[in-house]
2 protein chains.
Amino acid sequence: MLATEKIEKKYDAAADCPIAATIDVIGGKWKPIIIWLLIQDTKRFGELHKFIPGIALKVLSRHLKEMEADGIIIRQAFAEVPPRVEYSLTEKGRSLTAIMQALAVWSNDNILGKE
Amino acid sequence: MLATEKIEKKYDAAADCPIAATIDVIGGKWKPIIIWLLIQDTKRFGELHKFIPGIALKVLSRHLKEMEADGIIIRQAFAEVPPRVEYSLTEKGRSLTAIMQALAVWSNDNILGKE
DNA sequence: CGGTATCCGTATCGATACTG
DNA sequence: CAGTATCGATACGGATACCG
């Protein structure tokens, strides 16, 4: 997006609403679980895949890349055989913990009892 | 009951992860802004449309219905000419205020300064 | 005024096969 | 082990026209 051009910028919910911007970071279909798992512990790619039933490899891979680009997780590859890659939260990622807990609490209070 | 028809329930992130469940409620593309506007004040359909640049009528309408179904907003129609419909938050909806603020704060601390 | 109906483009998710 | 490539399905958002 070039700021030098006086393009009549359309309002973009995700970019212009701070709340939506944060949801964008934690709001993919599987990102909450990934973050939640990493809050507890560093994990390898295969572990994440095992802990998250049903996620496609491609999707897991893309979510991890996005989260790395957003600066909330770190990817650490070890030059071994067989290869090992570990994912963990950055400080920024950890700073989401309180929010995650608040979201979980709200769910328990307002959604779980409903079904 | 056929054994083959055993309901092998697939893991559903949105339903089975409490965090994802809450994000589902507040996480549509425009829901955060809608909630934010309604936190400040009850608003009519047209007002919401005016306050949210670019949203399609259909999308606004659907989001409002979903939020009503989720129990976080109330739709109140007045039998007048011209018709008037007002949307406001329920108690449950208001209970999201703290979370919304936390999300906005996190965005200001971790996203806004970046671009 | 407050919507719904229709049609469409895109983004996102998913299963499987294959590679470094 | 840790991914990528490929193809397909579907959910989501958007523009416009029309109705009560």
Side-chain angles (χ1 to χ4, degrees), chain A residues 8-17 20 23-34 37-38 42-70 73-88, chain B residues 8-17 20 23-34 37-38 42-70 73-88:
Chain A
E8 189 181 314
K9 201 190 169 201
K10 284 181 70 175
Y11 179 82
D12 179 358
D16 298 335
C17 172
I23 292 181
D24 236 45
V25 172
I26 64 173
K29 180 166 183 182
W30 307 96
K31 284 183 189 174
I33 328 167
I34 297 173
L37 289 170
L38 292 184
T42 289
K43 285 192 175 50
R44 301 174 56 165
F45 186 86
E47 287 183 290
L48 288 171
H49 189 216
K50 187 163 57 71
F51 274 114
I52 305 176
I55 192 173
L57 290 178
K58 173 181 144 189
V59 176
L60 175 56
S61 175
R62 203 192 55 233
H63 280 185
L64 289 170
K65 277 185 187 170
E66 289 172 1
M67 293 163 77
E68 196 188 358
D70 286 334
I73 68 172
I74 284 188
R75 177 184 185 278
Q76 202 169 3
F78 299 84
E80 306 171 355
V81 178
R84 177 165 55 106
V85 180
E86 291 187 347
Y87 292 90
S88 54
Chain B
E8 180 184 315
K9 200 188 171 202
K10 285 182 67 176
Y11 180 82
D12 179 357
D16 299 333
C17 171
I23 292 180
D24 235 46
V25 172
I26 64 175
K29 179 166 182 179
W30 308 96
K31 284 182 187 174
I33 327 167
I34 297 173
L37 289 170
L38 293 183
T42 289
K43 284 191 175 51
R44 302 175 56 167
F45 185 87
E47 286 183 290
L48 287 172
H49 189 214
K50 187 161 58 71
F51 274 113
I52 305 176
I55 192 173
L57 290 178
K58 173 184 144 188
V59 176
L60 176 56
S61 176
R62 203 192 56 233
H63 279 184
L64 289 170
K65 276 185 187 171
E66 289 172 2
M67 294 164 76
E68 197 189 356
D70 285 334
I73 68 172
I74 284 188
R75 177 184 185 276
Q76 202 171 3
F78 299 87
E80 306 172 355
V81 177
R84 178 165 55 106
V85 180
E86 291 188 348
Y87 293 90
S88 55

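Numbers restart at 1 for each chain; the letters A, B, ... are given by sequence-line order, proteins then strands.
- Counting to the nearest Å, the P atom of dC1(D) and the NZ atom of Lys43(A) are 17 Å from each other.
- A heavy-atom distance below 4.5 Å is not found between the side chains of Ile34(B) and Tyr87(B).
- Nearest nucleotide to the Trp30(A) side chain, out of dG14(D), dG14(C), dA17(C): dG14(C).
- When rounded to the nearest whole Å, the span between CD1 of Ile55(A) and P of dA15(C) equals 10 Å.
- Closest non-hydrogen pair, Lys31(A) versus Met67(A), comes out as CG-SD, 3.7 Å.
- Rounded to whole Å, the distance from CZ on Arg62(A) to P on dT4(D) is 12 Å.
- Residue Ser61(B) places none of its side-chain N or O atoms closer than 4.0 Å to OP1 or OP2 of dG2(C).
- Rounded to a whole Å, the NE2 atom of His49(B) is 14 Å from the P atom of dT4(C).
- Tyr87(A) has no side-chain polar atom (N or O) that falls below the 4.0 Å cut-off from OP1 or OP2 of dC1(D).
- Annotation for Ile23(B) and Ile26(A): closest pair CD1-O, 3.7 Å, computed over non-hydrogen atoms.
- Put simply, NZ on Lys58(B) is 8 Å from C1' on dC7(C), counting in whole angstrom units.
- A donor-acceptor pair under 3.5 Å links the side-chain atoms of Lys43(A) to the main chain of Leu37(A), judged by distance alone.
- A donor-acceptor pair under 3.5 Å is formed between the side chain of Glu47(A) and the backbone N or O of Arg44(A).
- Whole-Å rounding puts the Phe45(B) CZ to dC1(C) P distance at 12 Å.
- Atom pair Lys29(A):NZ and dA9(D):P shows a separation of 17 Å (rounding to whole Å applied).
- Comparing dG3(C), dG13(D), dG3(D) by their closest approach to the side chain of Val85(B) singles out dG3(C).
- Relative to the side chain of Leu57(B), the nucleotides dG14(D), dA2(D), dG3(C) differ in distance, and dG3(C) lies closest.
- Considering only side-chain atoms of Lys65(B), the nucleotide from dG14(D), dT4(C), dG3(C) that sits closest is dT4(C).
- The phosphate of dG2(C) has neither OP1 nor OP2 within less than 4.0 Å of any side-chain N or O from Arg84(B).
- Residue Arg75(B) contributes atom CZ, which lies 10 Å from atom P of dG2(C) at whole-angstrom precision.
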